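Down below is the structure, laid out as structure tokens.
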Amino acid sequence: MKIDVEKLMEEARAAAQGAYAPYSKFRVGAALAMGDGTVVRGINVENRSFGLSNCAERTAIFTTLTAGNKDIRAIAVAGPDSWEPLPPCGACRQVMSEFCPAETPVFYDDGKGGYVTSSVGKLYPANSLMDLSKKQR
Ligand code: THU
């Protein structure tokens with residue numbers, strides 16, 4: 001499946017405009033390219049209890065799971081308020097590794113108007129948790 005990276009990054013940038021980030025004022029948007037050609041967006045959703053904030057990447061993944069579609073083929077992350085590259089946080093990397101094969105591409109803002117190309121496997125090289133669904137019972 002051919003991914004139009006520019007278009008996916010534009011989707012992530014557009015999503016970021018709707019971020020709920022009144023505390024950090026740091027808006028983030030994510031866009032998932034799905035196997036059926038659709039795009040699923042996510043935003044960061046903060047809370048006055050800061051630890052409850054949810055990143056844009058996880059919002060997008062949870063949204064598509066809720067819709068019953070797990071077939072994520074690529075992930076884009078945009079942070080229009082970022083002045084540095086914006087790789088996903090550790091929690092998001094682990095959630096990505098739960099649902100996406102290692103070769104799934106991840107594109108994130110480079111902080112200069114472009115993007116960095118990575119993958120779920122590069123961002124989360126050693127799967128630190130056993131796959132408990134494979135446990136023999
Ligand atoms: N954030 C994301 O949504 N994704 C990232 O990859 C990095 C950080 C959010 C969390 C918080 O709402 C704000 O950005 C500042 O950390």
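These numbers were taken from a predicted model, which means no experiment stands behind them. Indexing begins at 1, ligand by ligand and atom by atom, following the structure's order.
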Item to check | Protein heavy atom at shortest distance from atom 7 (C) of ligand 1 | outcome: L86 CD1, 4.1 Å
Next on the checklist: To the closest 0.5 Å, what do you measure between NZ (K70) and CG (L32)?
Outcome noted: 14.0 Å
Checklist entry - Just which atoms of ligand 1 are under 4.0 Å from any heavy atom in V28? => result 1 (N), 2 (C), 3 (O), 4 (N), 9 (C), 14 (O)
Checklist outcome for this item: min-distance protein heavy atom vs atom 9 (C) of ligand 1 -> N44 ND2, 3.5 Å
Next on the checklist: Could you check whether S49 and N47, counting side-chain N and O atoms only, form a donor-acceptor pair closer than 3.5 Å?
Outcome noted: no
Checklist entry - When you look at V120 and C100, which way does the side chain to side chain contact (heavy atoms under 4.5 Å, CB included) test go after all the steps? => result CA-CA 7 Å; V120 170; C100 309; 3.9 Å; yes
Checklist outcome for this item: Within 4.0 Å of some non-hydrogen atom of P88, the atoms of ligand 1 are 6 (O)
Checklist entry - Taking it one step at a time, do F50 and Y23 satisfy ring-ring contact (aromatic ring centres under 6.0 Å, His included)? => result CA-CA 8 Å; F50 294 165; Y23 304 105; 5.7 Å; yes
Next on the checklist: We want to know whether N54 and T59 form a side-chain donor-acceptor pair, criterion being a heavy-atom distance below 3.5 angstrom.
Outcome noted: yes
Checklist entry - Among the heavy atoms of P87, does any lie under 4.0 Å from an atom of ligand 1? => result yes
Checklist entry - N/O to N/O below 3.5 Å, does that happen between E57 and ligand 1? => result yes
Next on the checklist: Considering non-hydrogen atoms of the protein only, which is the closest contact for atom 16 (O) of ligand 1, and what is the distance?
Outcome noted: F26 CD2, 4.7 Å
Checklist entry - Out of curiosity, is A21 lining ligand 1, as in a heavy atom under 4.0 Å away? => result no
Checklist entry - Does an N or O anywhere in C55 fall below 3.5 Å from an N or O of ligand 1? => result no
Item to check | Closest approach of any protein heavy atom to atom 3 (O) of ligand 1, naming residue and atom | outcome: A56 N, 2.9 Å
Next on the checklist: If I apply the N/O under 3.5 Å rule, does E46 come out as touching ligand 1?
Outcome noted: yes
Checklist entry - Any donor-acceptor pair under 3.5 Å linking the side chain of K122 with the backbone of S119? => result no
Next on the checklist: salt bridge (charged side-chain N to carboxylate O under 4.0 Å, His left out), that's the test. Do K7 and E10 meet it? Break it down for me.
Outcome noted: CA-CA 5 Å; K7 193 166 155 260; E10 273 312 311; over 6 Å; no
Next on the checklist: Could you walk me through whether K2 and D4 satisfy the salt bridge (charged side-chain N to carboxylate O under 4.0 Å, His left out) test, starting with their C-alpha distance in whole Å, then the side-chain angles of each, then the deciding distance to 0.1 Å, before giving a yes or no?
Outcome noted: CA-CA 7 Å; K2 181 91 185 73; D4 185 341; over 6 Å; no
Checklist entry - Do any nitrogen or oxygen atoms of S53 come within less than 3.5 Å of a nitrogen or oxygen of ligand 1? => result no
